[in-house]
Amino acid sequence: LCVTGSPARVTVDGVVVDEWRVHPLPAGAKWRLDTIRGGLRTYLGIGGGIVTQEVLGSCAPDAAVPIGGRLVAGDQLQIGREPATKPRGEILPTSIVPSYGSPWTLNICPGPDAMAFAAPMDQLCADEYLVRADSNHVGVRLDGPPLAIRFQQEMLSRGVAVGAVEILPDGRPLILGRGHSVTGGYPVAAVVSRTQTALLGQMRPGDRVRFRAIDLQSAIDEARFRHLEAAAYLGAG
């Protein structure tokens, strides 16, 4: 198994083990994870995966549809066949491991509706925002100074990328997450860089968020470098 995501305390038979590293478990071993800190979600990867019913190729639950089920106390999980390729044993390089914790800094590029606002990038980057308690996988709602809107006009609803920063009627931002649908008519003032969209699922209510403006080419270069860095690590195995 391998534990990634938010920092946590991971033990095997009472002995603390590293995150971001594959650990073989003998039969009967007891694995435990607790004390999650500096983020919201920690992930457990198991060699062979977990055998469960899939919907459209996914075993993830979705409470809004609803699809799938959630684990309850006493559930037993069936593990798939162990892969033929043995995993590498060293810890993942720190340059690849993301940094979790408040205050969060998110790189943003101008969005398709930036012209609807007066200097939206300057406004978003000038102040700090707080993550609201009603945030979820659909979007991260932020409290802070409202954006000044240049003209009021409902936008045509359309598909949108993860990380789109919508501005709600009260002028406050909503960053769309993995569970988003269409825009719903709200203008998109900015978009979070692709390399940082995974951080949206780690933000706790009350966390502080700051935006940093970058241009589109810088965002593309950053994503390409991150991909090549990960590919080089995997290729060295």
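Just so you know, these numbers use all the heavy atoms, side chains as well, and skip hydrogens, waters and symmetry mates.
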What do you reckon, is CZ of Arg172 surrounded by more than 12 foreign heavy atoms closer than 6.0 Å? yes
Heavy-atom nearest pair, Thr105 first then Gln196, reads O-NE2, 3.3 Å
Applying the 4.5 Å side-chain criterion to the ILVMFWY set and letting contacts propagate, would Val97 and Val16 be lumped into a single cluster? no
How about Ile108 and Cys125: do any of their side-chain heavy atoms sit closer than 4.5 Å? yes
Where do Ala114 and Ala189 come nearest, in terms of heavy atoms and distance? CB-O, 3.9 Å
To the nearest 0.5 Å, tell me how far Leu1 CG sits from Ile46 CD1. 7.0 Å
How close do Gly206 and Leu130 get, counting heavy atoms only, and between which atoms? O-CD2, 3.7 Å
Check this for me: Tyr186, atom OH, are more than 12 non-hydrogen atoms of other residues, nucleotides or ligands nearer than 6.0 Å? no
Any link between Leu142 and Met203 through a network of hydrophobic side chains (Ile, Leu, Val, Met, Phe, Trp, Tyr) touching at under 4.5 Å? yes
What's the spacing between Lys30 NZ and Arg32 CZ if we round to 0.5 Å? 8.5 Å
Could you pull out the closest heavy-atom pair between Leu199 and Pro98, with the gap in Å? CD2-CB, 4.4 Å
Side-chain contact, heavy-atom cut-off 4.5 Å: Leu124 with Tyr129? yes
Determine the sole option in Val165, Leu168, Val140 for which the side-chain contact (heavy atoms from CB on, under 4.5 Å) test with Leu174 is passed. Leu168
Within the side chain of Thr197, is there an N or O that forms a donor-acceptor pair under 3.5 Å with the backbone of Val162? no
State yes or no: do Val192 and Phe117 share one hydrophobic cluster built from I, L, V, M, F, W and Y residues joined by side-chain heavy-atom distances below 4.5 Å, directly or via other members? yes
Quick check: are there more than 12 heavy atoms from other residues, nucleotides or ligands sitting under 6.0 Å from CG of Leu77? yes
Could you see if Val182 belongs to whatever hydrophobic cluster contains Ile167? Use Ile, Leu, Val, Met, Phe, Trp, Tyr and a side-chain cutoff under 4.5 Å. no
One should read off an interatomic distance between Ile149 CD1 and Gln123 CD, to the nearest 0.5 angstrom, of 9.5 Å
Gap between atom CG of Leu25 and atom CD1 of Ile79 - 0.5 Å precision: 10.5 Å
Under the criterion side-chain contact (heavy atoms from CB on, under 4.5 Å), I'd like the reasoning laid out for Arg178 against His137: C-alpha separation, chi angles, the key distance, then a yes or no. CA-CA 6 Å; Arg178 297 288 178 188; His137 69 292; 5.6 Å; no
Would you mind listing every ring-ring contact (aromatic ring centres under 6.0 Å, His included) that reaches into residues 20-48, with sequence neighbours excluded? none
Do Glu222 and Ser193 come close enough that some side-chain heavy atom pair is under 4.5 Å? yes
Is the number of heavy atoms from other residues, nucleotides or ligands under 6.0 Å of Gln53 CD greater than 12? no
Regarding Thr4 and Glu19, is there a side-chain donor-to-acceptor distance under 3.5 Å anywhere? no
Indicate yes or no: at least one non-hydrogen side-chain atom of Val10 is less than 4.5 angstrom from one of Thr42. no
State the CZ-OG distance between Arg41 and Ser6, to the nearest 0.5 angstrom. 9.0 Å
Leu147-Val191 co-clustered via ILVMFWY side chain contacts under 4.5 Å: no
Between His180 and Ala161, what is the shortest heavy-atom contact and its length? NE2-C, 3.9 Å
How long is the straight-line distance from SG of Cys59 back to CD1 of Ile50, given to the nearest 0.5 Å? 7.0 Å
Could you list the donor-acceptor pairs under 3.5 angstrom formed by side chains in residues 209-216, with sequence neighbours left out?
from: Arg212; atom 1: NE; to: Asn107; atom 2: OD1; distance (Å): 2.8
from: Arg212; atom 1: NH2; to: Asn107; atom 2: OD1; distance (Å): 3.0
from: Asp215; atom 1: OD1; to: Gln217; atom 2: N; distance (Å): 3.1
from: Asp215; atom 1: OD1; to: Ser218; atom 2: N; distance (Å): 2.7
from: Asp215; atom 1: OD1; to: Ser218; atom 2: OG; distance (Å): 3.0
from: Asp215; atom 1: OD2; to: Ser218; atom 2: OG; distance (Å): 3.3

Please, which pairs that meet salt bridge (Lys or Arg N to Asp or Glu O under 4.0 Å) have at least one residue in residues 95-113, sequence neighbours excluded? Asp113-Arg158
Closest non-hydrogen contact found for Trp104 with Gln202 is CZ2-O, 3.4 Å
Return yes when atom CZ of Arg37 has more than 12 non-hydrogen atoms of other residues, nucleotides or ligands closer than 6.0 Å, and no otherwise. yes
So do Ile36 and Pro7 actually touch side chain to side chain, heavy atoms under 4.5 Å? no
When you measure from the side chain of Asp207 to the backbone N and O of Arg204, does any donor-acceptor pair fall under 3.5 Å? yes
